[in-house]
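Below is one structure, written out as structure tokens, with a few remarks after it.
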Amino acid sequence: MQRPYNFSAGPAAIADEVLAQAAAEMLDWRDTSGRSSGMSVMEMSHRGKEFISIYEAAEAGLRELLAVPAHFRILFMQGGGLAENAIVPMNLSALRQRTASPGHADFVLTGSWSQKSHKEAARYCSTRVAASNAASGHTTLPAPATWTLAPDASYVHVCTNETIHGVEFHALPDLAELGCDAPLVIDFSSHVASRTVDWSRVGLAFAGAQKNLGPAGLTVVVVREDLIGHALPICPSAFDYKLVADNHSMYNTPPTYAIYIAGLVFAWLKRNGGIAAMEARNVAKARLLYDAIDASGLYENRVAVDCRSRMNVPFFLRDETRNGAFLAGAATRGLMALKGHKSVGGMRASIYNAMPIAGVEALVAYMREFEKTSA
Ligand code: PMP
């Protein structure tokens with residue numbers, strides 16, 4: 001069965017192979033030696049040996065894929081990116097304080113998601129804006145050398161791929177080079193596992209799973225060990241990184257089924273060449289789409305070329321009265337979920353790891369055809 005191409009920003013497409021495996025194992029999950037458990041993963045105790053093996057394989061799979069160094073912990077949490085907007089300041093903002101009282105955090109504002117993070121953090125600690133791209137309508141990225149970083153910041157928050165505005169950091173800022181010794185916190189929700197990460201520049205990274213890692217309900221946090229254990233007294237126990245880490249993400253019941261599916265996604269990524277192969281494929285997909293947009297008289301992408309996202313490609317029709325016809329024609333060709341975010345309008349194609357090149361080719365072919373017929 002040929003399924004439609006799903007360009008949703010998240011929850012997003014998952015590879016057919018992964019879904020087929022989950023379907024085959026739905027009623028009876030088997031271990032690596034083929035021994036039947038007689039249960040669906042959904043029905044298993046998170047403390048039983050079957051689920052523990054699924055959990056350990058998922059964690060090891062992610063560590064290997066992302067080349068996460070040993071001095072970082074991987075936490076499987078819940079609450080999504082938005083919960084981390086509160087959980088991070090509750091855990092990190094006291095880093096520089098003598099007592100467990102909130103300190104300061106710096107924010108680089110580059111679009112909706114970093115703005116949301118900033119607003120939420122301000123409920124728990126004092127915040128400052130180190131840089132912003134608001135003047136360009138979130139179509140550029142402020143060069144790190146221009147950031148005004150506070151010497152007493154407990155951490156610096158950056159959203160490394162803005163899902164709505166389609167701007168992406170293609171290199172992580174090197175805070176040490178900027179004379180800043182605060183840890184860098186990255187929200188990499190919408191480009192996690194699409195490219196390699198230079199962990200020497202990162203203190204903590206978080207991502208909701210529902211774009212590139214699997215289903216909604218799982219939040220991945222990768223955190224350097226020395227940043228664990230500084231939670232404010234108001235931090236809910238279930239969100240205290242120390243309790244989560246000490247209990248191997250089982251302080252409370254983890255999202256077991258989402259972890260299982262994510263583990264299947266990690267295995268699928270590995271079988272397909274890992275992150276390096278995905279990154280090469282993502283570069284090729286993005287080039288195909290941006291080239292088609294730039295070569296056309298109808299479509300337009302407003303983001304500066306050097307910071308265009310490889311994952312989320314917003315574009316506009318110069319004749320906006322054609323938007324409805326464009327989307328309707330796309331749907332009849334099995335090209336789904338192309339409508340742009342309501343805050344920016346237009347179109348958006350999210351082309352995460354599970355989107356094959358053939359899907360982008362089909363989109364580009366349709367865009368050309370639509371442009372010709374509407375000329
Ligand atoms: N950060 C980014 C970059 C996102 O794209 C999103 C969701 N689209 C979020 C945070 C919020 O994630 P969640 O809905 O899982 O809380």
Side-chain angles (χ1 to χ4, degrees), residues 6-14 75-91 105 107-124 132-133 138-139 141 155-170 172-173 184-195 197 202 204-223 236 238-239 254-255 257-259 261-262 265 282 303 307-314 337-344 347-355:
N6 176 5
F7 294 91
S8 169
I14 294 181
L75 312 179
F76 289 150
M77 299 182 70
Q78 293 172 82
L82 287 195
E84 290 304 322
N85 286 346
I87 296 169
V88 170
M90 283 195 284
N91 276 276
F107 284 78
V108 177
L109 303 186
T110 51
S112 302
W113 293 109
S114 47
Q115 284 170 335
K116 273 204 165 81
S117 300
H118 176 226
K119 199 168 163 208
E120 183 72 5
R123 302 177 62 191
Y124 301 99
S132 162
N133 66 354
H138 311 301
T139 60
L141 284 176
Y155 67 94
V156 178
H157 177 110
V158 174
C159 176
T160 44
N161 184 64
E162 287 279 2
T163 321
I164 293 176
H165 292 94
V167 289
E168 179 173 12
F169 282 86
H170 291 294
L172 289 177
L184 176 70
V185 169
I186 60 171
D187 172 357
F188 67 161
S189 294
S190 50
H191 70 169
V192 57
S194 73
R195 58 189 307 149
V197 176
V202 176
L204 181 147
F206 68 82
Q210 68 272 21
K211 300 163 193 306
N212 243 351
L213 304 179
L218 166 65
T219 317
V220 167
V221 176
V222 183
V223 54
F239 292 154
Y257 199 75
I259 291 171
I261 299 283
V265 172
N282 290 329
V303 176
C307 54
R308 285 174 165 181
S309 170
R310 292 174 184 164
M311 295 284 100
N312 310 100
V313 182
L338 284 163
K339 190 166 182 198
H341 191 272
K342 60 182 183 307
S343 63
V344 296
M347 308 296 154
R348 174 176 52 173
S350 293
I351 48 175
Y352 300 122
N353 287 340
M355 175 60 63

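For ligands, and for the atoms within them, numbers begin at 1 and follow the listed sequence. Along the sequence shown, the residues carry numbers beginning at 1. Everything numeric in this text was worked out from a predicted model, so none of it was measured.
Donor-acceptor pairing under 3.5 Å is lacking for the side chains of Asn282 and Tyr352.
Scanning the protein for heavy atoms near atom 11 (C) of ligand 1, the closest one is Trp113 CZ3, 3.5 Å. Here the heavy atom of the protein found nearest to atom 16 (O) of ligand 1 is Leu82 N, 2.9 Å. Nearest protein heavy-atom contact of atom 3 (C) of ligand 1 is Thr163 OG1, 3.3 Å. Ranking the protein heavy atoms by distance from atom 1 (N) of ligand 1 puts Asp187 OD2, 2.6 Å first. If you check which protein heavy atom lies closest to atom 8 (N) of ligand 1, you get Lys211 NZ, 2.8 Å. Among all protein heavy atoms, the one lying closest to atom 13 (P) of ligand 1 is Gly81 N, 3.5 Å. Closest protein heavy atom to atom 14 (O) of ligand 1: Gln210 NE2, 3.7 Å.
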message = Does Asn312 form a side chain to side chain contact (heavy atoms under 4.5 Å, CB included) with Ile164? I'd like the steps, not just the answer.
response = CA-CA 7 Å; Asn312 310 100; Ile164 293 176; over 6 Å; no

request  = Please step through side chain to side chain contact (heavy atoms under 4.5 Å, CB included) for the pair Asn85 and Trp113, ending with a clear verdict.
outcome  = CA-CA 10 Å; Asn85 286 346; Trp113 293 109; 5.6 Å; no

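Every atom of ligand 1 is numbered from 1 in the order shown, and the set under 4.0 Å from a heavy atom of Gly80 is 15 (O), 16 (O). Listed by number with element, the atoms of ligand 1 under 4.0 angstrom from any heavy atom of Asn161 are 3 (C). Against a heavy-atom cut-off of under 4.0 Å, Ser189 is close to the following atoms of ligand 1: 1 (N), 2 (C), 3 (C), 10 (C).
Shown here are the salt bridge (Lys or Arg N to Asp or Glu O under 4.0 Å) partners of Glu168, two or more places apart in sequence or in another chain: Arg195. Residues passing the salt bridge (Lys or Arg N to Asp or Glu O under 4.0 Å) test with Arg348: none are found, sequence neighbours excluded.
To the nearest 0.5 angstrom, Thr163 atom OG1 is 9.0 Å from His191 atom NE2. Atom OG1 of residue Thr110 and atom CG of residue Asn133 lie 5.5 Å apart, to the nearest 0.5 angstrom.
At a heavy-atom cutoff of 4.0 Å, ligand 1 is contacted by the side chain of Cys159 but not by its backbone. With a heavy-atom cut-off of 4.0 Å, Ile164 does not touch ligand 1 at all.
Taking the six-membered ring where the residue is Trp, His157 and Phe107 present parallel rings, their angle staying beneath 30° rather than reaching 60°.
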